[in-house]
Protein chains: 2
Amino acid sequence: MIQPRPRTIPEATVARLAVYLRALTTFAEGGRSTVSSGELAEAAGVNPAGLRKDLSHLGPCGVRGVGYEVQTLRDRIARVLGVERSRACVLVGIGNLGSALADYAGFGSRGFEFVGLFDAATARIGQRIGGQTVRPLDELADVVATTQASIGVITTPADVAQSVCDRLAAAGVRSILNFAPVPLVAPAGVDVRKVDLSVELQVLAFLGQQRLDDAAVDGAALGEPA
Amino acid sequence: MIQPRPRTIPEATVARLAVYLRALTTFAEGGRSTVSSGELAEAAGVNPAGLRKDLSHLGPCGVRGVGYEVQTLRDRIARVLGVERSRACVLVGIGNLGSALADYAGFGSRGFEFVGLFDAATARIGQRIGGQTVRPLDELADVVATTQASIGVITTPADVAQSVCDRLAAAGVRSILNFAPVPLVAPAGVDVRKVDLSVELQVLAFLGQQRLDDAAVDGAALGEPA
DNA sequence: GCGACTTTGTTCCTGCGTTCACAAGCGGTT
DNA sequence: AACCGCTTGTGAACGCAGGAACAAAGTCGC
(Lines give C-alpha, C1' and ligand atoms only; values in the text may rest on other atoms or scores of the structure.)
Protein backbone atom coordinates (compact mmCIF):
# COMPACT_ATOMS: atom_id res chain seq x y z
CA MET A 1 0.00 0.00 0.00
CA ILE A 2 1.60 3.19 -1.16
CA GLN A 3 0.80 6.43 0.56
CA PRO A 4 0.23 8.90 -2.26
CA ARG A 5 1.42 11.67 0.04
CA PRO A 6 3.23 11.35 3.32
CA ARG A 7 0.77 12.28 6.02
CA THR A 8 3.49 13.58 8.28
CA ILE A 9 3.54 17.34 7.95
CA PRO A 10 6.44 18.97 9.82
CA GLU A 11 5.33 20.70 12.98
CA ALA A 12 6.94 23.96 11.92
CA THR A 13 4.90 23.83 8.73
CA VAL A 14 1.68 23.23 10.65
CA ALA A 15 2.31 26.31 12.74
CA ARG A 16 2.81 28.40 9.63
CA LEU A 17 -0.27 26.94 7.96
CA ALA A 18 -2.29 28.43 10.79
CA VAL A 19 -0.74 31.80 10.05
CA TYR A 20 -1.47 31.46 6.34
CA LEU A 21 -5.04 30.61 7.18
CA ARG A 22 -5.45 33.83 9.08
CA ALA A 23 -3.81 35.87 6.33
CA LEU A 24 -6.05 34.24 3.71
CA THR A 25 -9.12 35.17 5.71
CA THR A 26 -7.95 38.77 5.68
CA PHE A 27 -7.43 38.62 1.92
CA ALA A 28 -10.88 37.11 1.45
CA GLU A 29 -12.46 39.86 3.52
CA GLY A 30 -10.64 42.35 1.35
CA GLY A 31 -12.33 40.91 -1.70
CA ARG A 32 -9.25 39.33 -3.24
CA SER A 33 -9.89 36.21 -5.29
CA THR A 34 -6.28 35.15 -5.95
CA VAL A 35 -2.93 35.77 -4.28
CA SER A 36 0.61 34.97 -5.29
CA SER A 37 3.05 33.23 -2.99
CA GLY A 38 4.95 36.49 -2.68
CA GLU A 39 1.97 38.46 -1.44
CA LEU A 40 0.86 35.78 0.96
CA ALA A 41 4.40 35.32 2.24
CA GLU A 42 4.71 39.02 2.96
CA ALA A 43 1.40 39.05 4.80
CA ALA A 44 2.52 36.07 6.86
CA GLY A 45 6.05 37.32 7.42
CA VAL A 46 7.86 34.38 5.84
CA ASN A 47 9.98 33.52 2.82
CA PRO A 48 8.03 32.95 -0.44
CA ALA A 49 9.94 29.77 -1.28
CA GLY A 50 9.28 28.37 2.16
CA LEU A 51 5.62 29.16 1.83
CA ARG A 52 5.42 27.25 -1.44
CA LYS A 53 7.17 24.31 0.13
CA ASP A 54 4.76 24.38 3.03
CA LEU A 55 1.79 24.37 0.68
CA SER A 56 3.31 21.55 -1.35
CA HIS A 57 2.54 19.28 1.60
CA LEU A 58 -1.13 19.73 0.77
CA GLY A 59 -0.65 18.73 -2.85
CA PRO A 60 -0.81 21.05 -5.85
CA CYS A 61 -3.22 23.82 -5.02
CA GLY A 62 -2.10 26.76 -7.11
CA VAL A 63 -2.17 27.71 -10.77
CA ARG A 64 1.16 28.52 -12.38
CA GLY A 65 1.34 31.96 -13.79
CA VAL A 66 -1.62 33.07 -11.68
CA GLY A 67 -1.23 32.19 -8.03
CA TYR A 68 -3.53 30.64 -5.45
CA GLU A 69 -7.27 30.97 -5.34
CA VAL A 70 -7.97 32.50 -1.95
CA GLN A 71 -11.16 30.66 -1.10
CA THR A 72 -9.99 27.26 -2.31
CA LEU A 73 -6.69 27.46 -0.48
CA ARG A 74 -8.36 28.70 2.66
CA ASP A 75 -10.77 25.78 2.66
CA ARG A 76 -8.04 23.27 2.04
CA ILE A 77 -5.83 24.52 4.86
CA ALA A 78 -8.84 24.68 7.16
CA ARG A 79 -9.68 21.07 6.37
CA VAL A 80 -6.11 19.90 6.93
CA LEU A 81 -5.87 21.73 10.24
CA GLY A 82 -9.29 20.45 11.24
CA VAL A 83 -10.74 23.90 11.81
CA GLU A 84 -13.99 22.94 10.11
CA ARG A 85 -15.32 21.21 13.17
CA SER A 86 -15.46 22.92 16.55
CA ARG A 87 -13.27 21.54 19.31
CA ALA A 88 -14.29 21.43 22.92
CA CYS A 89 -11.67 22.64 25.41
CA VAL A 90 -11.50 22.75 29.17
CA LEU A 91 -9.43 25.26 31.11
CA VAL A 92 -8.03 24.66 34.57
CA GLY A 93 -6.75 27.51 36.72
CA ILE A 94 -8.87 30.63 36.56
CA GLY A 95 -6.33 33.23 37.62
CA ASN A 96 -5.51 36.32 35.63
CA LEU A 97 -4.14 34.43 32.67
CA GLY A 98 -6.86 31.80 32.73
CA SER A 99 -9.57 34.43 32.80
CA ALA A 100 -7.96 36.23 29.89
CA LEU A 101 -7.82 33.05 27.81
CA ALA A 102 -11.40 32.09 28.66
CA ASP A 103 -12.50 35.49 27.44
CA TYR A 104 -10.21 35.62 24.40
CA ALA A 105 -12.28 36.04 21.25
CA GLY A 106 -9.47 34.75 19.03
CA PHE A 107 -10.12 31.17 20.09
CA GLY A 108 -13.82 31.01 19.41
CA SER A 109 -13.40 32.31 15.88
CA ARG A 110 -10.93 29.52 15.15
CA GLY A 111 -13.17 26.70 16.23
CA PHE A 112 -12.06 26.34 19.83
CA GLU A 113 -14.84 26.46 22.38
CA PHE A 114 -14.34 26.39 26.12
CA VAL A 115 -16.93 24.04 27.58
CA GLY A 116 -15.62 24.02 31.11
CA LEU A 117 -13.68 26.32 33.44
CA PHE A 118 -12.25 24.84 36.62
CA ASP A 119 -10.47 26.09 39.70
CA ALA A 120 -9.58 24.71 43.09
CA ALA A 121 -10.25 27.90 45.02
CA THR A 122 -13.81 27.98 46.34
CA ALA A 123 -13.75 31.77 46.09
CA ARG A 124 -13.59 31.54 42.30
CA ILE A 125 -16.24 28.89 41.84
CA GLY A 126 -19.46 30.30 40.47
CA GLN A 127 -17.87 33.26 38.73
CA ARG A 128 -19.07 33.74 35.18
CA ILE A 129 -16.36 34.33 32.56
CA GLY A 130 -16.90 34.38 28.84
CA GLY A 131 -20.29 32.73 29.07
CA GLN A 132 -19.12 29.92 31.32
CA THR A 133 -19.36 29.35 35.04
CA VAL A 134 -16.28 28.38 37.00
CA ARG A 135 -16.69 24.90 38.49
CA PRO A 136 -14.86 22.91 41.14
CA LEU A 137 -12.20 20.46 40.02
CA ASP A 138 -14.33 17.52 41.13
CA GLU A 139 -16.59 18.01 38.14
CA LEU A 140 -13.75 17.89 35.64
CA ALA A 141 -14.04 14.21 34.77
CA ASP A 142 -17.82 14.48 34.30
CA VAL A 143 -17.60 17.51 32.04
CA VAL A 144 -14.86 16.00 29.91
CA ALA A 145 -16.87 12.82 29.54
CA THR A 146 -20.16 14.49 28.62
CA THR A 147 -18.71 17.14 26.31
CA GLN A 148 -16.07 14.88 24.74
CA ALA A 149 -13.51 17.64 25.29
CA SER A 150 -10.23 16.67 23.66
CA ILE A 151 -8.09 19.66 24.63
CA GLY A 152 -7.13 20.88 28.08
CA VAL A 153 -5.43 24.15 28.97
CA ILE A 154 -3.47 24.46 32.21
CA THR A 155 -3.01 27.92 33.71
CA THR A 156 -2.51 26.87 37.31
CA PRO A 157 0.47 27.56 39.56
CA ALA A 158 3.45 25.33 38.87
CA ASP A 159 3.13 23.16 41.93
CA VAL A 160 -0.25 21.69 41.01
CA ALA A 161 0.22 21.57 37.23
CA GLN A 162 1.37 17.96 37.15
CA SER A 163 -1.53 16.82 39.27
CA VAL A 164 -3.96 18.65 37.00
CA CYS A 165 -2.25 17.11 33.98
CA ASP A 166 -2.77 13.66 35.44
CA ARG A 167 -6.44 14.33 36.06
CA LEU A 168 -6.94 15.70 32.55
CA ALA A 169 -5.28 12.67 31.01
CA ALA A 170 -7.29 10.30 33.19
CA ALA A 171 -10.49 12.07 32.19
CA GLY A 172 -9.75 11.43 28.52
CA VAL A 173 -8.18 14.65 27.30
CA ARG A 174 -5.81 13.95 24.42
CA SER A 175 -3.99 17.27 24.04
CA ILE A 176 -2.75 19.66 26.70
CA LEU A 177 -1.53 23.23 26.41
CA ASN A 178 0.56 24.06 29.45
CA PHE A 179 1.22 27.61 30.62
CA ALA A 180 2.67 26.56 33.97
CA PRO A 181 6.46 26.86 34.14
CA VAL A 182 7.17 23.17 34.72
CA PRO A 183 7.76 20.32 32.29
CA LEU A 184 4.81 17.93 32.43
CA VAL A 185 4.96 14.20 31.93
CA ALA A 186 1.87 12.67 30.38
CA PRO A 187 0.98 9.11 29.45
CA ALA A 188 1.56 7.91 25.91
CA GLY A 189 -1.11 9.14 23.53
CA VAL A 190 -1.40 12.52 25.20
CA ASP A 191 0.38 15.46 23.58
CA VAL A 192 1.68 18.26 25.74
CA ARG A 193 2.67 21.64 24.35
CA LYS A 194 4.25 24.30 26.51
CA VAL A 195 4.07 28.07 26.40
CA ASP A 196 6.41 29.86 28.80
CA LEU A 197 5.88 33.59 28.87
CA SER A 198 8.80 34.41 31.17
CA VAL A 199 11.17 32.50 28.92
CA GLU A 200 10.04 34.55 25.95
CA LEU A 201 10.80 37.75 27.83
CA GLN A 202 14.17 36.47 28.99
CA VAL A 203 15.22 35.47 25.50
CA LEU A 204 14.22 38.88 24.28
CA ALA A 205 16.16 40.57 27.05
CA PHE A 206 19.23 38.47 26.31
CA LEU A 207 19.16 39.27 22.61
CA GLY A 208 18.92 42.97 23.40
CA GLN A 209 21.78 42.78 25.87
CA GLN A 210 23.90 40.73 23.47
CA ARG A 211 23.37 43.34 20.78
CA LEU A 212 24.59 46.04 23.13
CA ASP A 213 27.64 43.99 24.10
CA ASP A 214 28.49 43.33 20.48
CA ALA A 215 28.18 47.00 19.65
CA ALA A 216 30.49 47.86 22.52
CA VAL A 217 33.07 45.33 21.36
CA ASP A 218 32.81 46.49 17.78
CA GLY A 219 33.24 50.04 18.91
CA ALA A 220 36.34 49.12 20.90
CA ALA A 221 37.72 47.24 17.91
CA LEU A 222 37.27 50.36 15.84
CA GLY A 223 39.48 52.31 18.18
CA GLU A 224 37.18 53.79 20.78
CA PRO A 225 38.88 54.73 24.03
CA ALA A 226 38.63 52.11 26.72
CA MET B 1 42.30 39.40 18.74
CA ILE B 2 41.03 35.95 19.52
CA GLN B 3 37.68 35.54 21.20
CA PRO B 4 38.26 33.00 23.95
CA ARG B 5 34.64 31.93 23.58
CA PRO B 6 32.19 32.70 20.83
CA ARG B 7 29.73 35.20 22.17
CA THR B 8 26.97 33.86 19.99
CA ILE B 9 24.83 31.50 22.03
CA PRO B 10 22.13 29.70 20.00
CA GLU B 11 18.68 31.07 20.66
CA ALA B 12 17.35 27.63 21.49
CA THR B 13 20.06 27.33 24.14
CA VAL B 14 19.17 30.71 25.62
CA ALA B 15 15.56 29.64 25.99
CA ARG B 16 16.63 26.49 27.81
CA LEU B 17 19.05 28.40 30.04
CA ALA B 18 16.06 30.31 31.35
CA VAL B 19 14.41 27.00 32.18
CA TYR B 20 17.54 25.72 33.90
CA LEU B 21 17.68 28.91 35.92
CA ARG B 22 14.21 28.29 37.26
CA ALA B 23 14.93 24.67 38.03
CA LEU B 24 18.14 25.65 39.84
CA THR B 25 16.21 28.10 41.97
CA THR B 26 13.90 25.27 42.97
CA PHE B 27 16.87 23.08 43.85
CA ALA B 28 18.42 25.89 45.87
CA GLU B 29 15.20 26.38 47.81
CA GLY B 30 15.18 22.67 48.49
CA GLY B 31 18.57 22.97 50.13
CA ARG B 32 20.53 21.14 47.46
CA SER B 33 24.13 22.27 47.05
CA THR B 34 25.06 20.26 43.96
CA VAL B 35 23.17 18.63 41.09
CA SER B 36 24.21 16.33 38.30
CA SER B 37 23.35 16.99 34.68
CA GLY B 38 20.94 14.06 34.82
CA GLU B 39 18.94 15.47 37.72
CA LEU B 40 18.83 18.97 36.29
CA ALA B 41 17.90 17.65 32.87
CA GLU B 42 15.00 15.71 34.32
CA ALA B 43 13.77 18.75 36.23
CA ALA B 44 13.97 20.82 33.07
CA GLY B 45 12.52 18.16 30.81
CA VAL B 46 15.48 17.87 28.43
CA ASN B 47 18.20 15.43 27.45
CA PRO B 48 21.23 15.32 29.79
CA ALA B 49 23.71 15.48 26.91
CA GLY B 50 21.97 18.49 25.47
CA LEU B 51 22.00 20.19 28.84
CA ARG B 52 25.75 19.72 29.16
CA LYS B 53 26.21 21.11 25.68
CA ASP B 54 24.12 24.13 26.57
CA LEU B 55 26.15 24.77 29.69
CA SER B 56 29.39 24.37 27.75
CA HIS B 57 28.59 27.70 26.11
CA LEU B 58 29.21 29.33 29.48
CA GLY B 59 32.60 27.73 29.89
CA PRO B 60 33.48 24.93 32.31
CA CYS B 61 31.24 25.30 35.31
CA GLY B 62 30.96 21.82 36.73
CA VAL B 63 33.19 19.42 38.61
CA ARG B 64 33.72 16.02 37.02
CA GLY B 65 32.65 13.19 39.18
CA VAL B 66 30.51 15.50 41.31
CA GLY B 67 28.19 17.67 39.26
CA TYR B 68 27.33 21.35 39.28
CA GLU B 69 27.29 23.60 42.31
CA VAL B 70 23.74 24.91 42.44
CA GLN B 71 24.47 28.43 43.64
CA THR B 72 27.45 29.00 41.37
CA LEU B 73 25.69 27.75 38.27
CA ARG B 74 22.60 29.73 39.09
CA ASP B 75 24.60 32.93 39.42
CA ARG B 76 26.47 32.32 36.21
CA ILE B 77 23.34 31.68 34.15
CA ALA B 78 21.69 34.69 35.74
CA ARG B 79 24.63 36.87 34.76
CA VAL B 80 24.67 35.58 31.19
CA LEU B 81 20.94 36.11 30.81
CA GLY B 82 21.20 39.52 32.40
CA VAL B 83 18.70 38.76 35.13
CA GLU B 84 20.83 40.41 37.77
CA ARG B 85 19.65 43.88 36.83
CA SER B 86 15.98 44.71 36.64
CA ARG B 87 14.56 45.61 33.24
CA ALA B 88 11.88 48.20 32.70
CA CYS B 89 9.03 47.16 30.41
CA VAL B 90 6.02 48.97 29.01
CA LEU B 91 2.80 47.24 28.02
CA VAL B 92 0.39 48.53 25.40
CA GLY B 93 -3.14 47.19 25.11
CA ILE B 94 -4.84 46.64 28.45
CA GLY B 95 -7.46 44.08 27.45
CA ASN B 96 -7.91 40.76 29.15
CA LEU B 97 -4.52 39.44 28.15
CA GLY B 98 -2.73 42.70 28.87
CA SER B 99 -4.26 42.92 32.32
CA ALA B 100 -3.24 39.36 33.05
CA LEU B 101 0.35 40.00 32.02
CA ALA B 102 0.53 43.25 33.98
CA ASP B 103 -0.58 41.34 37.04
CA TYR B 104 1.54 38.24 36.42
CA ALA B 105 3.85 37.67 39.36
CA GLY B 106 6.19 35.49 37.31
CA PHE B 107 7.67 38.51 35.56
CA GLY B 108 8.55 40.57 38.59
CA SER B 109 10.42 37.70 40.20
CA ARG B 110 12.58 37.35 37.07
CA GLY B 111 13.67 40.96 36.94
CA PHE B 112 11.05 42.36 34.63
CA GLU B 113 9.18 45.36 35.94
CA PHE B 114 6.30 47.05 34.18
CA VAL B 115 6.82 50.80 34.45
CA GLY B 116 3.99 51.84 32.17
CA LEU B 117 0.62 50.51 31.03
CA PHE B 118 -1.01 52.13 28.02
CA ASP B 119 -4.30 51.91 26.21
CA ALA B 120 -6.12 53.91 23.56
CA ALA B 121 -9.59 53.52 25.10
CA THR B 122 -10.42 56.38 27.42
CA ALA B 123 -12.60 54.02 29.44
CA ARG B 124 -9.52 52.07 30.54
CA ILE B 125 -7.32 55.03 31.37
CA GLY B 126 -6.94 55.52 35.08
CA GLN B 127 -7.55 51.91 36.02
CA ARG B 128 -5.03 50.52 38.46
CA ILE B 129 -3.55 47.12 37.61
CA GLY B 130 -0.67 45.48 39.37
CA GLY B 131 0.42 48.69 41.05
CA GLN B 132 0.37 50.76 37.89
CA THR B 133 -2.14 53.18 36.47
CA VAL B 134 -3.25 52.82 32.86
CA ARG B 135 -2.20 55.86 30.83
CA PRO B 136 -3.11 57.24 27.43
CA LEU B 137 -0.87 56.39 24.50
CA ASP B 138 0.25 60.00 24.21
CA GLU B 139 2.40 59.58 27.29
CA LEU B 140 4.24 56.56 25.91
CA ALA B 141 7.24 58.41 24.55
CA ASP B 142 7.69 60.37 27.76
CA VAL B 143 7.51 57.31 29.99
CA VAL B 144 9.93 55.34 27.83
CA ALA B 145 12.36 58.24 27.87
CA THR B 146 12.25 58.86 31.61
CA THR B 147 12.27 55.22 32.70
CA GLN B 148 14.72 54.04 30.04
CA ALA B 149 12.38 51.14 29.29
CA SER B 150 14.02 48.78 26.82
CA ILE B 151 11.25 46.23 26.38
CA GLY B 152 7.75 46.73 25.01
CA VAL B 153 4.89 44.24 25.11
CA ILE B 154 2.04 44.53 22.59
CA THR B 155 -1.32 43.03 23.51
CA THR B 156 -3.47 45.20 21.29
CA PRO B 157 -5.85 44.10 18.53
CA ALA B 158 -4.11 43.16 15.31
CA ASP B 159 -5.09 46.21 13.34
CA VAL B 160 -3.25 48.69 15.52
CA ALA B 161 -0.26 46.50 16.45
CA GLN B 162 2.00 47.81 13.68
CA SER B 163 1.24 51.41 14.59
CA VAL B 164 2.03 50.68 18.25
CA CYS B 165 5.20 48.91 17.19
CA ASP B 166 6.30 52.00 15.27
CA ARG B 167 5.65 54.24 18.25
CA LEU B 168 7.54 51.93 20.60
CA ALA B 169 10.52 51.83 18.28
CA ALA B 170 10.46 55.59 17.82
CA ALA B 171 10.33 56.05 21.59
CA GLY B 172 13.53 54.05 21.98
CA VAL B 173 12.35 50.57 22.90
CA ARG B 174 14.83 47.97 21.70
CA SER B 175 12.93 44.72 22.15
CA ILE B 176 9.27 43.97 21.49
CA LEU B 177 7.18 40.99 22.51
CA ASN B 178 4.16 40.78 20.24
CA PHE B 179 0.98 38.93 21.16
CA ALA B 180 -1.05 40.37 18.30
CA PRO B 181 -1.62 37.92 15.46
CA VAL B 182 0.22 39.88 12.78
CA PRO B 183 3.86 39.89 11.70
CA LEU B 184 5.43 43.18 12.68
CA VAL B 185 8.15 44.99 10.80
CA ALA B 186 10.51 47.01 12.95
CA PRO B 187 13.53 49.13 12.12
CA ALA B 188 17.01 47.62 12.31
CA GLY B 189 18.24 47.35 15.86
CA VAL B 190 14.84 46.44 17.26
CA ASP B 191 14.13 42.79 17.98
CA VAL B 192 10.59 41.48 17.66
CA ARG B 193 9.48 38.20 19.14
CA LYS B 194 6.04 36.80 18.53
CA VAL B 195 3.77 34.67 20.67
CA ASP B 196 0.63 33.42 18.94
CA LEU B 197 -1.73 31.63 21.30
CA SER B 198 -4.23 30.53 18.64
CA VAL B 199 -1.46 28.96 16.60
CA GLU B 200 -0.37 26.94 19.61
CA LEU B 201 -3.88 25.60 20.02
CA GLN B 202 -4.21 24.83 16.34
CA VAL B 203 -0.95 22.93 16.23
CA LEU B 204 -2.08 20.96 19.23
CA ALA B 205 -5.42 20.20 17.62
CA PHE B 206 -3.74 19.11 14.41
CA LEU B 207 -1.37 16.75 16.20
CA GLY B 208 -4.29 15.19 18.04
CA GLN B 209 -6.29 14.77 14.86
CA GLN B 210 -3.29 13.36 13.00
CA ARG B 211 -2.79 10.81 15.75
CA LEU B 212 -6.39 9.69 15.41
CA ASP B 213 -6.09 9.43 11.63
CA ASP B 214 -2.91 7.41 11.89
CA ALA B 215 -4.51 5.05 14.37
CA ALA B 216 -7.44 4.56 12.02
CA VAL B 217 -5.12 3.78 9.12
CA ASP B 218 -3.04 1.44 11.22
CA GLY B 219 -6.15 -0.32 12.36
CA ALA B 220 -7.30 -0.75 8.77
CA ALA B 221 -3.89 -2.07 7.79
CA LEU B 222 -4.17 -4.64 10.54
CA GLY B 223 -7.34 -5.98 9.00
CA GLU B 224 -10.13 -4.08 10.66
CA PRO B 225 -13.35 -4.07 8.68
CA ALA B 226 -13.83 -1.04 6.49
C1' DG C 1 49.29 6.68 47.48
C1' DC C 2 46.76 4.27 44.12
C1' DG C 3 42.87 2.39 41.68
C1' DA C 4 38.15 2.42 40.40
C1' DC C 5 33.98 4.87 39.80
C1' DT C 6 31.38 8.81 38.66
C1' DT C 7 30.36 12.76 35.97
C1' DT C 8 31.64 16.40 32.95
C1' DG C 9 33.04 18.38 28.38
C1' DT C 10 33.66 17.42 23.64
C1' DT C 11 33.35 15.32 19.15
C1' DC C 12 31.06 12.97 15.65
C1' DC C 13 27.06 12.04 13.26
C1' DT C 14 22.36 11.92 11.80
C1' DG C 15 18.23 14.20 10.68
C1' DC C 16 15.51 18.38 9.97
C1' DG C 17 14.47 22.92 8.53
C1' DT C 18 15.50 26.69 5.52
C1' DT C 19 17.06 28.90 1.46
C1' DC C 20 18.44 29.29 -3.19
C1' DA C 21 17.89 28.24 -7.93
C1' DC C 22 15.71 26.16 -11.91
C1' DA C 23 12.52 23.49 -14.74
C1' DA C 24 7.55 22.98 -15.75
C1' DG C 25 3.15 24.83 -16.75
C1' DC C 26 -0.55 28.24 -17.56
C1' DG C 27 -2.64 32.63 -19.34
C1' DG C 28 -2.50 36.50 -22.29
C1' DT C 29 -1.17 38.49 -26.61
C1' DT C 30 -0.14 38.96 -31.35
C1' DA D 1 -1.44 28.96 -33.43
C1' DA D 2 2.78 30.28 -31.47
C1' DC D 3 5.37 33.12 -28.31
C1' DC D 4 6.36 35.47 -23.98
C1' DG D 5 6.09 36.58 -19.26
C1' DC D 6 4.73 35.17 -14.87
C1' DT D 7 4.22 31.93 -11.08
C1' DT D 8 4.21 27.46 -9.09
C1' DG D 9 6.43 23.20 -7.57
C1' DT D 10 10.57 20.67 -6.75
C1' DG D 11 15.44 19.35 -6.38
C1' DA D 12 19.92 20.40 -4.20
C1' DA D 13 22.91 22.60 -0.94
C1' DC D 14 23.68 24.76 3.29
C1' DG D 15 23.44 25.52 8.15
C1' DC D 16 21.69 24.12 12.65
C1' DA D 17 19.87 21.60 16.38
C1' DG D 18 19.71 17.13 18.83
C1' DG D 19 21.54 12.66 20.34
C1' DA D 20 24.88 9.20 21.22
C1' DA D 21 29.39 7.81 22.27
C1' DC D 22 34.01 8.67 24.15
C1' DA D 23 37.94 10.81 26.46
C1' DA D 24 39.41 13.75 30.42
C1' DA D 25 39.28 14.74 35.21
C1' DG D 26 38.15 14.70 39.84
C1' DT D 27 36.63 12.19 44.16
C1' DC D 28 36.04 8.35 47.24
C1' DG D 29 37.59 4.04 49.23
C1' DC D 30 41.29 1.07 50.50
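The chains referred to below are lettered A, B, ... by the order of the sequence lines, with proteins before strands, and numbering in each begins at 1.
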If I take atom [atom1] in residue [X] and atom [atom2] in nucleotide [N], what distance separates them, rounded to the nearest angstrom?
| X | N | atom1 | atom2 | result |
| --- | --- | --- | --- | --- |
| B/R52 | D/dA24 | CZ | C1' | 13 Å |
| A/L58 | D/dT8 | CG | P | 14 Å |
| A/I9 | C/dC16 | CD1 | P | 15 Å |
| A/E11 | C/dG15 | CD | C1' | 15 Å |
| B/H57 | C/dT8 | NE2 | C1' | 16 Å |
| A/D54 | C/dT19 | CG | C1' | 12 Å |
| A/L51 | C/dC20 | CG | P | 14 Å |
| A/Y20 | D/dT8 | OH | C1' | 15 Å |

> Taking the nucleotide of DNA chain C with the closest heavy atom to each, which residue, A/A12 or A/V66, is nearer the 5' end?
Replying inline: A/A12
> How do A/P10 and A/V63 order along DNA chain C: which one's closest nucleotide is nearer the 5' end?
Replying inline: A/P10
>> For a quick test of reading the model, state the closest non-hydrogen atom pair linking B/A28 to B/Q71 and the distance between them.
In response: CB-OE1, 4.3 Å
>> Evaluate A/R74 against A/T25 for side-chain hydrogen bond (donor to acceptor under 3.5 Å, both in side chains), listing each step before the verdict.
In response: CA-CA 7 Å; A/R74 205 191 90 83; A/T25 301; 3.0 Å; yes
>> Quick check for you: among D/dT10, D/dG18, D/dT7, whose closest atom lies nearest to any side-chain atom of A/S36?
In response: D/dT7
Taking only side-chain nitrogens and oxygens of [X], does any of them come within less than 4.0 Å of OP1 or OP2 of [N]?
| X | N | answer |
| --- | --- | --- |
| A/S37 | D/dT8 | yes |
| B/N47 | D/dA17 | no |
| A/Y68 | C/dC26 | no |
| B/R64 | D/dA23 | no |

> Under 4.0 angstrom, heavy atoms only, what part of the nucleic acid is B/G50 near: base, sugar-phosphate, or nothing?
Replying inline: nothing
>> Using only modelled atom types and a 3.5 angstrom limit, is any donor from either the side chain of B/K53 or the base of C/dG9 paired with an acceptor on the other?
In response: no
> Is it true that B/R87 and B/E113 have a side-chain N and a carboxylate O under 4.0 angstrom from each other?
Replying inline: no
> Can you find a pair of side-chain heavy atoms, one from A/V92 and one from A/T155, that are under 4.5 Å apart?
Replying inline: no
> Taking the side chain from A/Q210 and the backbone from B/L81, do they hold a donor-acceptor pair closer than 3.5 Å?
Replying inline: no
